[in-house]
Amino acid sequence: SFMQGSKLEVPLWLAKGLHDSKRRIISVELPKIYKEAWRTVFSADANVVDLHKMGPYYYGFGSQLLNFDNPENPEIAQTILQTFISRFRRIMDSSQNAYNEDTSALVARLDELERALFRAGQKGLNDFQCWEKGQASQITASSLIQNYGKRKFTDRDG
């Protein structure tokens, strides 16, 4: 049995299951990358942080942490959002210049969400270049755009 005040690491899904704001079974300690000292680093220059080393699911895990009633939640949410915004342009710029520069060092430092965005940017550029050279008969709209278009027409019909 655990004494009151015992600390242990548990998976996020278990912590969410045990967390009950009324009964106070557990309290959750923030991982260091979401604490104030690191939030200060992010606000100074988010691009210098090796997110993959600090936590490869920085954005996803951070947004899940907001389910726990931590008094610092507004600051955590703001830092996650600002970090994404400030790193996004560099990621997209690098994905568009991937053929002209070595991007492996950058990609190694990215969170998994950022890596997916980088790959999407590369694929978009590659598809466009193939189309431009006549190697592709058409550029296909992404499923997101197609679904948006369908929904828009459906809304208009109603």
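Side-chain atoms of Y59 and E114 form a donor-acceptor pair, as typed in the model, at a separation below 3.5 Å.
Between V49 and V41 the shortest side-chain heavy-atom distance falls below 4.5 Å. At a threshold of 4.5 Å between non-hydrogen side-chain atoms, the residues N47 and R109 do not count as touching. Residues T103 and F118 form a side-chain contact, since some pair of their non-hydrogen atoms from C-beta on lies under 4.5 Å apart.
A donor-acceptor pair under 3.5 Å is formed between the side chain of N67 and the backbone N or O of Q64. N73 contributes a side-chain N or O that, together with a main-chain N or O of F68, makes up a donor-acceptor pair within less than 3.5 Å. At distances below 3.5 Å, not a single donor-acceptor pair connects side-chain atoms of D111 with backbone N or O atoms of H52.
Under 4.0 Å is where a charged nitrogen must lie from a carboxylate oxygen, and between R39 and E75 no such pair does.
Note that the CG atom of L113 and the OG atom of S63 stand 9.5 Å from one another [nearest 0.5 Å]. Taking CG of L65 as the start and CD1 of I33 as the end, the distance is 11.0 Å to the nearest 0.5 Å. To the nearest 0.5 Å, the span separating CD on E112 from CZ on F61 amounts to 15.0 Å.
A 6.0 Å sphere centred on NZ of K123 holds no more than 12 heavy atoms belonging to other residues, nucleotides or ligands.
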Would F42 and F84 count as a ring pair (Phe, Tyr, Trp, His ring centres under 6.0 Å) here? Give the steps. CA-CA 10 Å; F42 280 113; F84 181 80; over 10 Å; no
Derivation of the side chain to side chain contact (heavy atoms under 4.5 Å, CB included) call for L30 and N70: CA-CA 9 Å; L30 288 176; N70 190 302; 3.5 Å; yes
Can M54 and K32 be said to form a side chain to side chain contact (heavy atoms under 4.5 Å, CB included), step by step? CA-CA 9 Å; M54 296 302 295; K32 66 179 180 179; 3.9 Å; yes
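Of all non-hydrogen atoms in R115 and L110, the two that sit nearest each other are NE-O, 3.4 Å. In this structure, E36 and E72 approach most closely via the heavy-atom pair N-OE1, 4.3 Å.
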